Amino acid sequence: MLSKQHKKYVTKANFMLHGGDYNPDQWLDHPDILADDIKLMQLAHTNTFSLGIFAWSALEPEEGVYHFEWLDKVINDIHSYGGKVILATPSGARPAWMSQKYPEVLRVNERREKQLHGGRHNHCFTSPVYREKTQAMNRLLAERYGDHPAIIMWHISNEYGGECHCDYCQEAFRGWLKEKYNEDLKALNDAWWGPFWSHTISDWSQVESPSPIGENAVHGLNLDWRRFVTDQTINFFENEIVPLREISPDIPITTNFMADTFDLIPFQSLDYSKFAKHLDVVSWDAYPAWHNDWESTANLAMKVGFIDDLYRSLKQQPFLLMESTPSLVNWHEVNKAKRPGMHLLASMQMIAHGSDSILYFQWRKSRGSSEKFHGAVVDHDNSSENRVFKEVAEVGKTLEKLGPVVGTNRPADVAIVYDWENNWALNDAQGYGLSSKQYPQTLQQHYRTFWENDIPVDVITKEQDFSNYKLLIVPMLYLVNEETIARLKAFVENGGQLVMTYISGIVNEHDLTYLGGWHHDLQEIFGINPTETDTLYPSDRNYVTFRNKKYELKDYATVIDVHAATTEATYVEDFYANRAAVTSQTFGKGKTYYIGGRLEEKFHEDFYLELITELGIQPVAKVKHGKGVSVQARQAADRDYLFIMNFTEEQQNVTFEKSVTDLVTGETLEGEITLQQYQVRIVAQ
Ligand code: GAL
């Protein structure tokens, strides 16, 4: 079901968006370049541009002196060729006059050092002046452009992130805590396990945000601080959008989310599950290091798919790819260009997993400063004839054929639970292996078999409805409150199949451990009590035996007391040899599985394939192929759109069971076809 706001967006732009961040404010002295841009935009088959993201000093060069005429012209020029605009609020960076006149807008870091003016994404999120200035600017933008026919969306700020520790923020944090703990200091001390190292607080004014030069060992404080940072960022965002909602209620609102790029896992520092509730459309910026030298292309594609499925599932509706590069970036360790074909493939993967756009950073390469070598549609040669430009135009032409896909989603029988708070608490826990916890990476390992077998997965948060899924996979849910435990229990009682793993159900929402063994409800639904978690050195290996086969185990092994469960696999070595490593139990109308150790890929494959068969879980389509090829679907009322993608460097044969129509070429495809390296086919059936 699409949300009301998303429907508005769908009707405002009933086509795939193609374009990206455009910074005409860097070229105001070059009208020839600005005129070329409009011509090149059409040659590139682009239709949508994000404007004004870092344009504050062009919009208000001196306090109270405004220049909108250049923006009027650019918006009108884009509109006159039929293009659309995603208009940004400029709070991601501010003019120097503002930092100079109002130093309170500058951020203070965790060491309590006030930052100098410079860079971007570094404002104080509590500063009354910055809040007033951003809201005033946004009011002017909404008044001027709120009913412009080219504007299809608001892009609020840019990649919110980071935190401020100034006096305003300390006060706001104390206020947030007072509200959370109902002004009850004892409740706060209880939640933070105050007596430990004599950390009991006797007055609210003693509360300080965590700091490497101060308090950093109180896990309850760390967790509340991270929650506060998310809430305060959302609060800043909410302040920004007041005039936009008031003046232009029909224009949907987004802000661009991120991923932690080197390992390609979800962004860590803000709880996007909370933030998404405040957005009309989720959008994100994806910069995978394609062709890197540490993993296969297919492995990286699997990780991209996982994040897409998480961000799509946040609102259970299509998302937007707000930024990507048509070629290379400037900030990876090595900035390698996408090989021919990869741009179309990577773009179509986004669409396949639910994006309604392919947008770039950046339209035109800047001439100076740090991003002058970052990939762009238009290079310094200003040409439409180079390889990158042509590949962008090809993506544009392909997107023009995909209008019917806009707004579609697809159902899933399988969900994996990802939880930001759990990630914070687990990483903070001084215990287990300091670098082997790898919560998001572990989820990606569980996701892999489904991705490889074309089985759609929703990656949901623990607050979302579980009841529509046949199979719910909840790895390493270290932090889990009573309410979630009750919901998991109800899910199984009503017929759901639940998989949990080692290091799950250990602490409550305050990061306080459960007492008296594993939580009694978990003991009941799993029929076991995990009594010890053994952490292994990186070179240690153990094994488990499952269905008479031996699988490798590393990092973690749980010693399990089996009460009523069935033992499915046993450990091979060590003091727990021959004891249960994997268990199952029928409970209510459903069934639970507990995986006690960190097991190799092949185990996940065999274990999940058995479950998939048992539960009758179907792939999106009956298409036979080898490893490294992925098939994803988007489903319209009358037909399925299939994306068949070759994420390998070899030719791959793919066999269709039913005949399908290629959406791009119009051909009918039957039986076996061959995909070249990085080739993608989009078909309807
Ligand atoms: C993003 C940012 C863009 C640009 C891009 C470069 O994180 O939003 O403004 O800097 O990275 O890859």
Side-chain angles (χ1 to χ4, degrees), residues 17 19-27 48-59 85-94 118-123 153-162 233 237 240 253-270 272 275 279 281-292 300 304 307 311 319-338 342-343 346-347 350 355 357-380 388 392:
L17 311 184
D21 286 20
Y22 177 35
N23 303 303
D25 38 311
Q26 293 178 20
W27 300 94
T48 302
F49 292 89
S50 307
L51 285 174
I53 296 176
F54 297 115
W56 203 328
S57 64
L59 293 171
V85 168
I86 297 176
L87 190 57
T89 68
S91 68
R94 39 178 199 283
R120 60 174 182 171
H121 300 163
N122 52 15
H123 61 263
M153 196 166 296
W154 289 110
H155 177 300
I156 311 304
S157 200
N158 194 62
E159 296 190 337
Y160 283 112
T233 304
F237 159 92
E240 276 214 47
I253 285 180
T254 192
T255 187
N256 45 345
F257 285 173
M258 294 175 265
D260 273 7
T261 298
F262 291 108
D263 213 12
L264 215 76
I265 54 175
F267 185 61
Q268 306 282 285
S269 352
L270 292 176
Y272 282 164
F275 210 151
L279 306 178
V281 181
V282 166
S283 63
W284 79 285
D285 303 342
Y287 293 103
W290 294 113
H291 321 291
N292 67 48
L300 181 54
V304 175
I307 303 184
Y311 291 173
F319 60 89
L320 298 180
L321 176 68
M322 188 56 82
E323 290 180 23
S324 60
T325 177
S327 51
L328 41 73
V329 298
N330 63 332
W331 50 270
H332 285 168
E333 185 72 21
V334 171
N335 297 295
K336 191 166 179 175
K338 282 177 174 168
M342 179 48 84
H343 181 48
S347 299
M350 289 289 157
S355 178
S357 70
I358 298 300
L359 299 169
Y360 308 114
F361 179 86
Q362 50 191 338
W363 165 251
R364 175 183 286 278
K365 266 187 191 171
S366 56
R367 186 165 183 210
S369 292
S370 75
E371 288 183 332
K372 60 180 174 297
F373 297 126
H374 190 291
V377 180
V378 183
D379 210 323
H380 297 134
V388 171
V392 166

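Computed from a predicted structure; not experimentally measured. In listed order, ligands and their atoms are each counted from 1. Quick note: residue numbers are just sequence positions, from 1.
Just one of Y287, W284, Y360 meets the side chain to side chain donor-acceptor pair (under 3.5 Å) condition when paired with E323; it is Y287. Screening I253, I53, L359 for a side-chain contact (heavy atoms from CB on, under 4.5 Å) involving H155 leaves a single residue, I53.
The two residues P326 and V392 make their nearest non-hydrogen contact at CB-CG2, 3.6 Å.
Residue, atom and distance of the protein heavy atom nearest to atom 7 (O) of ligand 1 are E159 OE1, 2.5 Å. In terms of protein heavy-atom proximity, atom 4 (C) of ligand 1 is closest to E371 OE2, 3.2 Å. Closest to atom 9 (O) of ligand 1, if we only count protein heavy atoms, is R120 NH1, 2.8 Å.
At least one donor-acceptor pair closer than 3.5 Å links the side chain of N256 to the backbone N or O of E159. Distance alone, capped at 3.5 Å, places no donor-acceptor pair between the H374 side chain and the T325 backbone. At least one donor-acceptor pair closer than 3.5 Å links the side chain of S355 to the backbone N or O of S357.
Evaluated by nearest non-hydrogen atom to atom 2 (C) of ligand 1, the leading choice among M258, Q362, H374, E323 is E323.
Taking every non-hydrogen atom of W331 and a distance limit under 4.0 Å, the qualifying atoms of ligand 1 come out as 6 (C), 12 (O).
At a 3.5 angstrom cut-off on N or O pairs, D21 does not count as close to ligand 1. In terms of polar-atom proximity, defined here as any N/O pair under 3.5 Å, N158 does make such a contact with ligand 1.
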